[in-house]
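Single-structure report; data block below.
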Amino acid sequence: MNDALGSVQSILILGGGSDIALATAHAMVARRCRTVVLAGRDPEAFSGAAKELTKAGASTVERVSFDALDHASHAEFVRGTFDRERDIDLALVAFGVLGDQEQAEHDGAEAIRILDSNFLGAVSVLVPLVEAMKRQGHGTIVVLSSVAGERARRSNFVYGASKAGLDAYCQGLGDSLVGTGVRLMIVRPGFVHSKMTDGLAAAPLATDPQHVADTIITGLGRGSEIVWAPGSLRFVMSALRHVPRVVFRRLPL
Amino acid sequence: MSPDRATPPLLGDETLLYGWGGTAPTRAHLATPLTNADAHHLVSAAPKRGVVARGLGRAYGDAAQNAGGLVLDATALSGIIDADLERGTVTARGGTSLDELMRWLIPRGWFLITPGTRYVTVGGAIASDIHGKGHHVDGTFGNKVQSFRLLTGTGEIRNIHRDTEPDVFWATTGGMGLTGVILDATFELIPTETRFIRVDEERCADLDAMFAAMESSDAEYRYSVAWIDCGARGRHLGRGVLGRGNHAFFDEIPKAKQARAHTFGPRQLAIAPPLMPSGLINSWTVKAFNEFWYRKTRVSHRGSIQDIGLFFHPLDLVDEWNRVYGRRGFVQYQFVVPFGAENTVRQIIEALSNENLPSFLAVLKRFGPENPGMLSFPIPGWTLAVDIPVSRTSLARTLDRFDEMVMQAGGRVYLAKDARTRPENLDTMYPRLPEWRAVRDALDPDHVLNSDLARRLDL
Ligand SMILES: Cc1cc2nc3c(=O)[nH]c(=O)nc-3n(C[C@H](O)[C@H](O)[C@H](O)COP(=O)(O)OP(=O)(O)OC[C@H]3O[C@@H](n4cnc5c(N)ncnc54)[C@H](O)[C@@H]3O)c2cc1C
Ligand SMILES: NC(=O)c1ccc[n+]([C@@H]2O[C@H](COP(=O)([O-])OP(=O)(O)OC[C@H]3O[C@@H](n4cnc5c(N)ncnc54)[C@H](OP(=O)(O)O)[C@@H]3O)[C@@H](O)[C@H]2O)c1
């Protein structure tokens, strides 16, 4: 169950190998969380992460197979998970790909893969997930969006479009959940040092997964609907939103 | 059992339910049975996630919530069934409020054990085995109960008397509604000559003075409780106002009041507006209030005649006062530590004051002997209760640290107030939990009775 101060006891991580998600799982285990379900394309690969979480105090760490691109499997996946566990207090939607922007500009398949992994795949699993949580009468969904969805940039607009879609969907979804006992929090990180950004030059205000995890914990405690990581990005982005296109496209972002 | 009405009761609408602290709402079907047969029908038809009874929702945390399941609103199962005003016993249905009982009993010269509010039900009073200002003399509400009828998870209605079925009796008393629905109960009353309390108040300049005053004089009073100013520091740490009283005899009250010595008709003065901004209760407003409260009492003030309502339930003057804490709500941290662990009380008050946590008047009380309730809260020792708004992220860690200190001292937190302790702590805090579980499992093997509290604490 969620407690009065925003701590949870069991979490489901979609994209179980995500650096940000694992940092978040550790932060939650350090508070109260005892059950962690790591779901992803290669559950075998999570054994190291599972051991770490157990060492940190989790009493049950499950590894299960989940592919965001396999929409047809999602309803069954959600049903199975909720049947197995006593309750899922929080689900973290953390899967995603940065994709290859250059390739996506010539190869429709790559563009579609990015959109599917980050947006359609997320919507496809969110639908049964929300239903299951509503039946449970409580729950929290945390979705990793991105500042990239705030304003499309020349350098990664396919990724940006996928996150814009996800973010918009989740804003409406969050509103639809008022009064259901289920709530949704959107997380908008800037540049985070993780597997996803390995080898890329860091953008200004870059953070690490630990920082994003702390932001998530604080946001949950406050009952926030949207959090930024770092928090200052909220103000940076609200300024950038009004920069004229001719100027914006020349900015080194 | 056949229902009196042709149509069976509906499962009820899905409703978001909160505890008094307003912190972790969850959604459940809320059904309001009018008869015991209705209640029986509903428990038998409980969905997979089970059912739990709810009284007036005065538990601070998640005890009367059941996410995704059924919550049985017991407040319509109300009314006094029988009374023996010679011997001083009454039988009332589980959803009867203590307010209703007092309005009927006080004019007839009887009183009962009451917590800091009249707006709790008989069922809630037994399920939390509540205590009042008189615990050091009278024990808990459960100590006065002779018997009750319990609707169990298997759909049986059982007559439980404290002498013939002590196990079920003492598992239910303090059992947080998890052994069944209390349909009605018979309990003993306290005789009174008037509706007044003769009150002595005294300001104590620090915590040691407070401990000493309570130790030396509690025996002279039926009722005793202290308000501690948690904002005071240094040599003022733990200063507060000690209020003690006894039922006033007829010839102790002023002539003008004698004509209406038994009239009891408390009114509410105000109702808090529904949407108060978060942050209204902060360390500044609280400090100012606590200072005022301390100063308003004369250094010592003896023999004032107070109305029962004012003495026991000052907070009831403002309806829904919990709203002043705003959207994020508040938690009440209430613990007890055995005598000898005064230092733990001091360290916690010190920490509250050092961390500048805005805590309104904390309440300190000396408990008397414990009873056989397996999950009953009171043990002989000191109990402190503080309301703290949910405002700071660090609060979770602070309260976890307090739990450790309390457990170290052999103490526990009160389940009726709890909304955040760890399940791992329960075995230490409530060593008789295995015994309680055995009785519960025998009564309700499938755990049809279930609640958010039970899930959170793995009861
Ligand atoms: C201002 C204030 C002051 C308080 N002061 C004190 C105090 O001084 N001392 C003290 O001990 N407590 C105190 N409390 C706590 C309160 O007394 C308990 O939480 C009490 O249980 C609330 O009763 P309720 O009818 O509102 O029950 P709810 O809050 O609705 O439910 C509490 C528990 O009782 C169970 N329950 C309710 N009805 C039934 C039933 N018919 N059958 C079986 N189980 C049932 C529920 O399942 C739940 O577990 C105070 C609370 C407030 C808000
Ligand atoms: N890093 C950043 O700068 C940054 C900034 C803003 C937002 N975000 C978002 O934060 C989230 C987590 O990213 P991260 O930084 O932690 O990156 P990460 O470590 O690369 O994690 C992303 C995870 O998504 C999984 N994944 C990809 N496609 C999947 C699919 N079809 N099905 C199931 N799982 C799939 C990956 O698993 P595989 O091993 O199977 O590929 C990987 O474990 C992502 O949504 C990302 O877009 C990141």
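In the text below, chain A, chain B and the rest are named by the order of the sequence lines, each starting its count at 1. All values below were derived from every heavy atom in this structure, side-chain atoms included, with hydrogens, water molecules and symmetry-related copies excluded. None of these values were measured; they are calculated from a predicted model.
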Contacting region of B:T15 [heavy-atom separation from chain A under 4.5 Å]: neither
Engaged part of B:L399 at the chain A interface, taking heavy atoms whose separation is under 4.5 Å: side chain
Chain A contact via B:D418 - which portion, at a heavy-atom distance below 4.5 Å: neither
Pairs of heavy atoms under 4.5 Å with chain B: top-ranked of A:G223, A:G179, A:G6: A:G179
Contact winner vs chain B - A:D3, A:T218, A:L220, heavy-atom pairs under 4.5 Å: A:D3
Test: B:R412 cationic atom under 6.0 Å from B:Y430 six-membered ring centre, within 45° of axis: yes
Aromatic ring pairing A:F191/A:H193, orientation class (parallel under 30°, perpendicular over 60°, tilted between): perpendicular
Chain B contact via A:D89 - which portion, at a heavy-atom distance below 4.5 Å: neither
Between A:N2 and A:T140: side-chain donor-acceptor atoms closer than 3.5 Å: yes
Audit row: B:S451, B:N66, side-chain hydrogen bond (donor to acceptor under 3.5 Å, both in side chains) steps and yes/no: CA-CA 4 Å; B:S451 67; B:N66 182 25; over 6 Å; no
Per-residue contact mode, B:Q65 against chain A (heavy atom under 4.5 angstrom): neither
Mutual orientation of the aromatic rings belonging to B:Y414 and B:F377 [parallel < 30°, tilted 30-60°, perpendicular > 60°]: parallel
Pair B:E355, B:T398: side-chain N/O donor-acceptor within cut-off below 3.5 Å: yes
Region of B:A396 in contact with chain A, defined by heavy-atom distances below 4.5 Å: both
Note: B:D452-B:R455 ion pair, threshold 4.0 Å (strictly below): yes
Contact origin within B:R49 toward chain A - heavy atom pairs under 4.5 Å: side chain
